[in-house]
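Scroll down for the structure; my scribbles are underneath it.
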Amino acid sequence: MIDTDNREQLLAYELIANTNSSFFLTGRAGTGKTTFLQNVQKMVGKNFITLAPTGVAAILAGGETIHSFFGLPMEACFPGTCSKMNQTRILSLVHADTIIIDEVSMVRSDVMDAIDYTMRKTLRNNMPFGGKQMIFVGDMFQLPPVVKQGPEKELLRDIYKTDDFYFYKSEAVKRIRLVKIEFRKVYRQDDECFLSILEHVRMNRITPEDVALLNTRIAIPSKKDMAVTLCSLNKTAEDINNLCLSEIGSPEFVYEGTVAGRFEEKRFPVDQTLRLKVGAQVMFARNDQQKRWANGTLAKVTKLSKDEITVQIKDGNEYAVPACSWDSIAFEYNRDERKMKKEVVGTFTQYPIRLAWAITIHKSQGMTFDKLLIDLSRGMFASGQLYVALSRVRSLAGLYLSRGIIPQYAHTSNEILNYASGFNDTKEINNEIESGKAAYEALKANDYDKAAEAYLMLVHKKAEEGSIREALQQAKRFLDTVIDDNPLYGKINTIPEGLIANTHWTSKFLLALLCLYSCKFEEALVAINIVLECHQCLEALYVKSRILVKMERYKEADVINGMLVETFEMATPDAKILYMIAMVNELYIGDPGIELMKMVVELRPKYDYGHKNEASTVLSV
């Protein structure tokens with residue numbers, strides 16, 4: 001079910017199957033991202049939740065919409081926006097291993113930050129996205145997120161200091177090392193010349209020769225070609241469909257779809273009221289189980305009655321089209337089976353077809369056509385719009401243009417081009433796999449001590465190799481994971497010479513951390529004070545407090561602990577800081593630590609070894 005000749009698929013599989021690492025999965029149209037994810041979910045023993053920004057995308061992905069699952073407001077989300085999830089969804093989130101967000105190119109940065117804050121607060125875990133593995137899927141070269149002009153855009157511009165509100169601009173995504181895997185093998189098109197043009201359009205490298213070749217396709221297809229017209233505006237597509245339907249002289253039949261349970265109208269994959277005439281051009285909106293047609297297959301209506309629709313597809317075969325149902329999905333955790341279950345909360349029943357003389361470029365995302373007319377009467381305005389339109393057709397021979405393309409239509413955001421420069425960074429992906437594997441089994445067993453030790457050893461290894469950036473990445477993961485660090489003292493035997501010689505604060509921070517766990521407390525204190533002179537942060541304060549405690553300078557440590565408490569929000573607390581303050585208060589300061597210990601138990605209820613230590617310490621005091 002995995003293409004073993006596709007290196008990028010193998011790397012993505014490794015990250016999903018054997019790590020808890022979040023990553024971005026991308027690839028041009030036709031590279032099989034959706035199929036890969038569907039297959040992986042059948043192969044890997046994890047609980048997955050699949051979400052998407054729009055109703056249609058969620059239906060196609062077999063999941064829920066982001067706003068429905070998290071209960072987020074439809075307007076712009078300001079910092080600290082947190083939804084109120086119901087108990088069923090909270091339970092699903094708690095027991096989920098991996099959250100897949102499909103079509104993430106359409107998700108704004110403010111929505112991503114609201115997801116992160118909601119997950120951290122709901123899961124009582126201050127790690128990004130509450131410590132869950134996040135798989136972000138989409139093609140950033142397609143249409144960008146939609147932002148309303150006016151106050152909403154002004155608010156987002158003020159928060160993010162940008163006009164481009166892509167998902168990776170969120171504060172949450174900035175907190176993680178998000179490796180980017182790009183699927184490159186194309187399964188949809190087999191026209192090498194056309195593939196080359198598509199890549200040039202996608203990467204903003206269109207040549208005069210590309211434009212000239214595309215413009216040889218200026219023509220209007222004949223009716224027998226059954227070409228679909230792609231339009232920039234929804235009204236244009238509607239007008240074309242209504243006009244073409246009105247020009248047919250045969251009687252009109254109307255078919256009403258039905259709803260059972262909960263199914264939002266905006267998520268309907270086809271019109272609830274379907275108007276047809278014999279001779280109408282239609283498109284299937286879902287795959288047929290008998291594989292007679294697929295989502296996007298064009299057909300011509302040949303016979304209509306009150307309760308039957310017959311169509312003819314391209315191969316000449318005629319079929320009676322059965323009505324079918326789409327499910328509205330909600331995720332629910334089954335305690336007995338310890339598995340995530342998809343609960344059907346509503347169904348929408350209708351014939352799986354829509355009028356298809358025309359469709360908007362936006363709605364065409366994810367579809368493939370044999371014959372396609374691109375309506376250029378209004379030009380191309382949005383970044384990536386021409387690329388989306390062109391990549392819907394299988395070959396250059398199937399493409400028709402209403403008028404000539406000019407190079408300006410093929411513009412791609414420089415922001416996205418810069419972001420794409422980090423795709424398939426082999427070194428970074430391999431580092432992520434190494435790091436993810438090192439701690440995955442321990443984290444799965446809720447053994448935070450073992451996971452923290454694995455990260456600490458990686459800090460030392462990467463510092464020894466001279467890879468300061470990677471050592472810092474592992475130091476961050478260590479500090480995100482550790483709760484009780486007492487088992488770690490003495491685990492580090494040597495201090496890398498490069499850290500001692502380097503004067504930059506990042507190297508001094510790593511020096512302080514490794515000196516602390518090699519029990520060289522004086523050296524550690526000197527190094528961390530240098531860091532705090534130029535870079536005040538929670539992590540450095542935590543390390544200094546631990547150094548002072550080990551040096552038996554408890555009152556100074558208590559002052560630092562007071563500063564730490566002021567730096568984090570109790571709605572998303574940090575377990576290691578609560579644990580440390582509780583232990584210091586009980587053992588050395590004389591203040592009670594039992595309430596803080598209770599919070600640690602709430603945050604990490606399955607942290608058995610640590611809780612035994614906590615209980616014995618508190619009881620002995």
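Keep in mind that the numbers below use all heavy atoms, side chains included, and drop hydrogens, waters and symmetry copies.
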What heavy-atom pair brings Asn486 and Lys550 nearest, and what distance separates the two atoms?
-> OD1-NZ, 3.1 Å
Search all heavy atoms of Ala471 against all heavy atoms of Ala463 and return the closest pair with its distance.
-> CB-N, 3.9 Å
Any side-chain heavy atom of Ile99 within less than 4.5 Å of one from Ile49?
-> yes
Are there more than 12 heavy atoms of other residues, nucleotides or ligands under 6.0 Å from atom NZ of Lys450?
-> no
Check each of Leu525, Ile560, Val526 against Ile547 using the side-chain contact (heavy atoms from CB on, under 4.5 Å) test, and report the only one that passes.
-> Leu525
Among Phe24, Phe36, Tyr13, Phe423, find the residue that satisfies the ring pair (Phe, Tyr, Trp, His ring centres under 6.0 Å) test when tested with Phe183.
-> Phe36
Residues Pro145 and Val107: closest non-hydrogen pair is CG-O, 4.0 Å
Among Leu456, Val459, Asn431, find the one that has a side-chain contact (heavy atoms from CB on, under 4.5 Å) with Gln474.
-> Val459
Residues Glu464 and Lys461 bridged, charged N to O under 4.0 Å = no
Any side-chain donor paired with an acceptor under 3.5 Å for Thr506 and His504?
-> yes
Closest non-hydrogen atom pair, Glu14 against Ile433 | CG-CG2, 3.7 Å
Report the C-alpha distance between Ser105 and Asp139 in whole Å, list the side-chain angles of each, state the deciding distance to 0.1 Å, and finish with yes or no for side-chain contact (heavy atoms from CB on, under 4.5 Å).
-> CA-CA 6 Å; Ser105 61; Asp139 184 359; 5.8 Å; no
Compute both the distance and the angle, then confirm whether Lys180 meets the cation-pi test with Tyr419: under 6.0 Å from the six-membered ring centre, within 45 degrees of the axis.
-> yes
Hey, are the side chains of Asn39 and Thr35 touching, using non-hydrogen atoms and a 4.5 Å cut-off?
-> yes
Between the side chains of Arg28 and Ser391, does any donor sit under 3.5 Å from an acceptor?
-> no
According to the interplanar angle, ranging from 0 to 90°, do the rings of Tyr489 and Tyr517 count as parallel (below 30°), tilted (30 to 60°) or perpendicular (above 60°)?
-> tilted
Lys/Arg-Asp/Glu bridge criterion (N-O < 4.0 Å) met for Glu432, Arg177 = yes
If you draw a 6.0 Å radius around CZ in Arg175, do more than 12 non-hydrogen atoms from other residues or ligands fall strictly inside?
-> yes
Please determine if Arg184 and Glu199 form a salt bridge, counting it only when a charged side-chain N lies under 4.0 Å from a carboxylate O.
-> no
For Phe167, which of Ile101, Asp110, Leu178 qualifies under side-chain contact (heavy atoms from CB on, under 4.5 Å)?
-> Leu178
Are Tyr168 and Phe136 near enough that their ring centres are under 6.0 Å apart?
-> no
Before accepting this row, confirm whether a basic side-chain N of the pair Arg120/Glu171 lies closer than 4.0 Å to the acidic partner's carboxylate O.
-> no
Check whether the side chains of Gln473 and Lys462 place a donor and an acceptor atom closer than 3.5 Å, and report yes or no.
-> no
Is Asp5 salt-bridged to Lys185, cutoff N-O under 4.0 Å?
-> no
Taking all heavy atoms of Leu499 and all of Leu511, pick out the closest pair and write down the distance.
-> CD1-N, 4.0 Å
Write down the atom of Glu182, the atom of Gly27, and the distance for their closest heavy-atom approach.
-> CG-CA, 4.0 Å
Is Asp425 salt-bridged to Lys427, cutoff N-O under 4.0 Å?
-> no
Would you kindly say whether Tyr440 and Asn18 are connected by a side-chain donor-acceptor distance under 3.5 Å?
-> no
Please tell me if the side chains of Ser413 and Tyr166 come closer than 4.5 Å, counting only heavy atoms from C-beta onward.
-> yes
